[in-house]
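Before any comments, here is the structure.
All residue numbers in this chain count up from 1 along the given sequence.
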Amino acid sequence: MVANGPSFRLLPRLDVHNRFYWTSGEDGVLRFLRCDDCHYFMHPPGPVCRRCLSRNLTPEPVSGRGTVETYSVNIQQWIPGSDSYILAWVSIDEQPDIRLTTNLIDIDPDDVRIGMPVEVTFELNDDVYIPLFRAVSKESTQ
């Protein structure tokens with residue numbers, strides 16, 4: 001069995017602060033706000049740097065690589081006929097204190113491990129690109 005996530009997703013409301021994040025998957029690149037003054041990545045996005053209070057923030061691309069910090073396999077069918085899915089907390093390689101609550105896809109739940117390297121992929125829903133993660137492929141590690 002491979003868990004590929006819910007067949008139904010609630011989509012975020014896009015605003016001036018988060019639009020770049022939810023649409024950046026169009027080109028396959030994950031982006032976070034980064035402070036131009038102290039270089040701290042921020043997530044979730046907001047108008048002010050949480051570290052130095054600067055308002056000089058710019059969306060910046062990251063590698064899209066991360067590590068599974070923890071996970072849970074949901075087998076409850078909240079929507080009749082839906083598949084099980086893996087809910088995970090993924091830290092981002094560039095700044096491990098940035099963690100995304102996300103789904104792991106294209107992997108058997110028995111194969112998921114804490115500390116497993118993962119890479120981003122995106123699922124398009126309306127005009128929103130949902131960042132999901134899958135195990136790092138052997139081709140992308142070379």
Side-chain angles (χ1 to χ4, degrees), residues 1-52 54 56-142:
M1 170 180 70
V2 174
N4 278 319
S7 56
F8 165 78
R9 294 190 189 279
L10 293 175
L11 299 178
R13 176 177 289 155
L14 302 183
D15 64 30
V16 67
H17 300 296
N18 71 17
R19 181 174 302 280
F20 80 91
Y21 176 78
W22 293 112
T23 60
S24 72
E26 183 174 14
D27 63 2
V29 177
L30 184 62
R31 291 175 177 83
F32 294 104
L33 274 186
R34 191 168 200 187
C35 178
D36 296 332
D37 295 327
C38 74
H39 307 289
Y40 186 75
F41 282 108
M42 272 189 16
H43 189 75
V48 176
C49 175
R50 291 173 185 86
R51 178 178 274 172
C52 73
S54 171
N56 300 320
L57 306 170
T58 307
E60 186 171 309
V62 295
S63 68
R65 300 276 182 124
T67 303
V68 174
E69 296 294 332
T70 191
Y71 68 96
S72 178
V73 179
N74 182 32
I75 58 173
Q76 173 67 41
Q77 284 192 352
W78 299 105
I79 299 169
S82 64
D83 293 334
S84 61
Y85 60 93
I86 305 166
L87 184 65
W89 206 16
V90 171
S91 62
I92 301 305
D93 283 358
E94 286 80 358
Q95 186 175 304
D97 66 344
I98 297 292
R99 296 185 179 117
L100 298 178
T101 302
T102 185
N103 291 123
L104 300 181
I105 62 166
D106 300 331
I107 187 167
D108 187 294
D110 291 336
D111 294 335
V112 179
R113 299 286 179 261
I114 292 174
M116 182 174 77
V118 292
E119 59 190 358
V120 75
T121 186
F122 295 92
E123 177 184 285
L124 177 60
N125 285 283
D126 293 333
D127 57 349
V128 172
Y129 290 82
I130 307 288
L132 306 172
F133 286 79
R134 61 181 171 220
V136 172
S137 65
K138 291 179 183 167
E139 300 86 50
S140 60
T141 58
Q142 297 175 358

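Distance check, rounded to the nearest 0.5 Å: CG of Leu33 to CD of Glu60 gives 10.0 Å. Taken to the nearest 0.5 Å, the CZ atom of Arg34 stands 9.0 Å off from the SG atom of Cys38. Atoms CD1 and CZ, on Ile86 and Arg134 in that order, are 14.0 Å from each other to the nearest 0.5 Å. For the atom pair CZ (Arg99) and CH2 (Trp89), the distance works out to 5.0 Å, reported to the nearest 0.5 Å. Residue Asp93 holds its CG atom at 12.5 Å from CD1 of Ile98, rounded to the nearest 0.5 Å. A distance of 11.0 Å separates CG in Asn74 from CG in Asp83, rounded to the nearest 0.5 Å.
Remark: the Thr58 side chain and the Asp36 side chain contain an N/O donor-acceptor pair separated by less than 3.5 Å. With hydrogens and angles left out, the side-chain atoms of Asn103 and Tyr85 include no donor and acceptor closer than 3.5 Å.
The closest side-chain heavy-atom distance from Pro131 to Tyr21 is below 4.5 Å. Looking only at side-chain heavy atoms (C-beta outward), Phe133 and Ile107 stay at 4.5 Å or farther from each other. In this structure, the side chains of Val68 and Arg113 stay at 4.5 Å or more apart for every pair of heavy atoms. Side-chain contact check for Leu132 versus Leu104: every heavy-atom pair is 4.5 Å or farther apart. Using a 4.5 Å heavy-atom threshold, the side chains of Val128 and Pro12 count as touching. Using a 4.5 Å heavy-atom cutoff, the side chains of Arg51 and Cys35 are not in contact. The shortest side-chain heavy-atom distance between Leu30 and Ile92 falls under the 4.5 Å cut-off.
Shortest non-hydrogen contact noted between Glu119 and Ala135 is OE2-O, 3.8 Å. In terms of heavy-atom proximity, Asp127 sits nearest to Thr23 at O-CG2, 3.6 Å. Heavy-atom minimum distance, Met42 versus Cys49: SD-CA, 3.2 Å. Across Glu94 and Phe41, no two heavy atoms sit closer than the pair CB-CE1, 4.0 Å. Looking at every heavy atom in both residues, Leu57 comes nearest to Gly46 through CD1-O, 3.4 Å. Closest heavy-atom contact between Leu14 and Arg19: CD1-NH1, 3.3 Å.
Using cut-offs of 30° and 60° for the angle between ring planes, the Tyr129 and Phe122 rings count as perpendicular.
The backbone N or O of Val112 sits less than 3.5 Å from a side-chain atom of Tyr71, completing a donor-acceptor pair. Between the side chain of Asp15 and the backbone N or O of Asn18 there is at least one donor-acceptor pair closer than 3.5 Å. Side-chain atoms of Thr67 do not come within 3.5 Å of backbone N or O of Met116 as any donor-acceptor pair.
Under the side-chain hydrogen bond (donor to acceptor under 3.5 Å, both in side chains) criterion, Tyr40 pairs with Asp97, sequence neighbours left out. Taking His39 as the reference, nothing meets the ring-ring contact (aromatic ring centres under 6.0 Å, His included) condition, with sequence neighbours excluded. Partners of Asp27 under the salt bridge (charged side-chain N to carboxylate O under 4.0 Å, His left out) rule, at least two apart in sequence or in another chain, are Arg31.
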